[in-house]
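Working notes, structure below.
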Number of protein chains: 2
Amino acid sequence: MSADCCEATCQSHPARCKDCAVRPFSVCAALSDDELGELQALSEPTSFAPKSALLLQDEPVQNVFNITSGCVRLSKILSDGRRQVIGFAIAGDFLGLSFQERSNFTAEAIGPVTACRFRKKAFLNYLDAKPDLVRRLLEFSANELRLAQEQLVLLGRRTAEERVASFLTMRRARNSRFGQQGATLQLPMSRLDIADYLGLTIETVSRTFTKMVREKLIIIVPDGIRFVDLAHVGQIAAE
Amino acid sequence: MSADCCEATCQSHPARCKDCAVRPFSVCAALSDDELGELQALSEPTSFAPKSALLLQDEPVQNVFNITSGCVRLSKILSDGRRQVIGFAIAGDFLGLSFQERSNFTAEAIGPVTACRFRKKAFLNYLDAKPDLVRRLLEFSANELRLAQEQLVLLGRRTAEERVASFLTMRRARNSRFGQQGATLQLPMSRLDIADYLGLTIETVSRTFTKMVREKLIIIVPDGIRFVDLAHVGQIAAE
DNA sequence: CCGCCACATTGATCTAGATCAATGCCGCAC
DNA sequence: GTGCGGCATTGATCTAGATCAATGTGGCGG
């Protein structure tokens with residue numbers, strides 16, 4: 001049993017796209033088995049070591065990625081070092097399709113990560129012949145936009161406790177694709193990552209966790225938390 | 001001369017899409033003149049009075065819109081009344097394509113607004129036959145996502161002064177499509193709208209404007225501001 | 001088994017921006 | 001011209017969360 005919430009069912013690369021565990025959740029679900037063969041020819045299974053980068057902010061985008069396992073941190077840094085984590089990508093998420101020459105953010109593996117890599121140019125060419133894939137990417141993009149807009153409300157208008165509660169329930173919902181539905185939520189990212197995602201400091205995140213433990217809403221376990229009163233956490237998250 | 005920054009060049013609806021002033025900036029640029037005729041058959045030119053709603057949060061989305069003039073406020077409200085403005089849509093922007101049954105936000109006209117209205121269902125059907133239009137929508141969506149991610153950094157990590165400076169320079173950049181390039185920036189939205197967009201209070205926005213006036217960065221004029229030291233404002237915005 | 005290092009927690013204090021409270025400034029109806 | 005109602009500004013005070021500063025903790029190399 002995996003100890004990492006963001007690790008998907010497929011730890012090693014399947015021989016063929018057809019057999020890939022993330023396919024049903026991923027952009028590739030838009031393609032038929034035949035087309036999948038074509039895509040496979042363009043794709044290169046790739047592994048990333050913890051802390052290694054898939055994309056670098058302001059650097060040219062050479063590749064786009066379909067994450068197959070692990071957890072990737074997406075962040076933007078201001079010139080004076082302040083950092084905002086703008087998301088965590090997990091298995092099934094698609095990375096790098098911004099139509100910008102250079103990347104708007106840095107994408108770094110938190111633990112070990114596997115991904116299908118495509119040369120951006122080749123992928124864009126392939127898109128021209130595959131309207132269904134473009135359509136699927138549009139749906140993915142629209143969904144990312146919706147999540148980002150939710151996050152705008154969180155950062156602009158919610159209290160520290162609401163942010164943390166919301167983070168926990170969102171993570172739980174996100175992992176549900178992979179059967180992970182128990183009371184235990186694996187959190188592969190550090191407190192600093194969480195703080196930078198929620199627009200807080202590491203101390204505030206820590207104190208808020210502690211407060212939630214004191215109030216018997218959660219228990220802190222190694223590499224994650226366990227929900228004790230999920231309904232109440234959900235209620236704080238909802239407001 | 002229009003007194004409203006968000007009003008585009010075309011105040012009244014053109015007879016045909018072909019003649020529409022926003023076409024080059026809008027999603028419809030993806031279509032040939034012939035195809036534009038087809039789209040025109042689906043579209044209904046619509047006017048909205050100030051304060052009227054184009055979309056309502058949590059209500060079914062019946063229509064999608066291509067804004068042709070005016071300024072539309074996009075906002076999300078929490079159940080206790082806290083509000084986050086997630087964007088301002090102007091001429092050329094496309095609204096409502098979230099692939100969700102219900103709208104994730106409310107869209108309201110600030111001043112008078114004109115838009116091309118499409119029945120959502122008919123528009124989605126039309127999309128199936130027009131891969132170039134889907135592609136164009138994907139580019140628009142990716143761009144919206146990029147803007148939202150910038151806003152996440154602003155809300156999560158920037159000071160009040162940086163937020164206001166950033167807001168002013170972003171607005172200026174956004175208006176540049178329509179020739180509006182002078183030192184005067186029209187701001188059709190209220191201080192409350194700006195505050196809710198920047199995750200601040202109305203008082204903090206007002207004080208920050210006043211401070212920038214004192215420091216000879218801007219001058220406040222009716223319905224907008226005038227840049228006195230644009231370079232310096234840009235520098236504060238950049239950090 | 002020890003010592004180190006990175007991360008996490010906890011406590012004391014500070015502050016940017018919120019909140020509370022007038023006051024000012026139109027534009028518009030009568 | 002007067003009064004009213006909706007914004008905007010300004011001032012005084014408060015506070016959630018930041019900052020500064022130890023102190024804990026657990027994994028890992030030797």
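The analysis underlying the following values was restricted to heavy atoms, covering all of them including side chains, and did not include hydrogens, waters or symmetry mates. Quick note on labels: first sequence line is chain A, next is B, and so on, each numbered from 1.
Listed for the B:T106 side chain is a donor-acceptor partner under 3.5 Å among the backbone atoms of B:Q57. Between the side chain of B:R73 and the backbone N or O of B:F88, no donor-acceptor pair lies under 3.5 Å.
Put simply, OG on A:S52 and CD1 on A:I110 are 11.5 Å apart, with the number rounded to the nearest 0.5 Å. Here the CG-CD1 distance, from B:L95 to B:I67, works out to 5.0 Å after rounding to the nearest 0.5 Å. A distance of 4.5 Å separates CZ in B:R117 from OG1 in B:T46, rounded to the nearest 0.5 Å. Between the CE atom of B:M212 and the CD atom of B:E161 there is a distance of 6.0 Å, given to the nearest 0.5 Å.
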### Query
What string of B, S and - do you get for nucleotides 19-26 of chain D, 5' to 3', when a contact is any protein heavy atom under 4.0 Å?
BBB-----

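Residues A:I194 and A:M189 meet the side-chain proximity criterion, which asks for heavy atoms closer than 4.5 Å.
Shown for residues 152-165 of chain B: no residue has heavy atoms falling under 4.0 angstrom of DNA chain D.
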Please produce a list of atom pairs where a protein N or O lies less than 3.5 Å from an N or O of nucleotides 4-8 of chain C.
{"from": "C:dA8", "atom 1": "OP1", "to": "A:R191", "atom 2": "N", "distance (Å)": "3.4"}
{"from": "C:dA8", "atom 1": "OP2", "to": "A:R191", "atom 2": "N", "distance (Å)": "3.0"}

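A salt bridge is absent between A:R158 and A:E150: the closest approach of a Lys/Arg side-chain nitrogen to an acidic carboxylate oxygen does not fall below 4.0 angstrom. Ion pairing between B:D196 and B:R82 fails under the 4.0 Å rule for side-chain N and carboxylate O. A salt bridge does not link B:D58 to B:R102: none of the charged nitrogens lies less than 4.0 Å from a carboxylate oxygen.
For residues 230-239 of chain B, the pairs satisfying side chain to side chain donor-acceptor pair (under 3.5 Å) are A:S79-B:E239, with sequence neighbours left out. Among residue pairs with one or both ends in residues 48-68 of chain A, those qualifying as ring pair (Phe, Tyr, Trp, His ring centres under 6.0 Å) are A:F48-A:F65; sequence neighbours excluded.
Using five terminal pairs a side, the axes of the helix from C:dC1-D:dG30 to C:dC30-D:dG1 at its two ends make an angle of 30°, given in steps of 10 degrees.
Within 4.0 Å of B:I220, counting heavy atoms only, lie sugar-phosphate atoms of the nucleic acid but no base atom.
Between the CG atom of B:L200 and the C1' atom of C:dA18 there is a distance of 10 Å, rounded to whole Å. What separates CG of B:L198 from C1' of C:dA18 is a distance of 15 Å, to the nearest Å. Taking atom NZ on B:K211 and atom P on D:dG11, their separation rounds to 15 Å, with Å as the unit.
Remark: of the listed residues B:L217, B:I225, B:T204, B:I225 is the sole one forming a side chain to side chain contact (heavy atoms under 4.5 Å, CB included) with B:F209.
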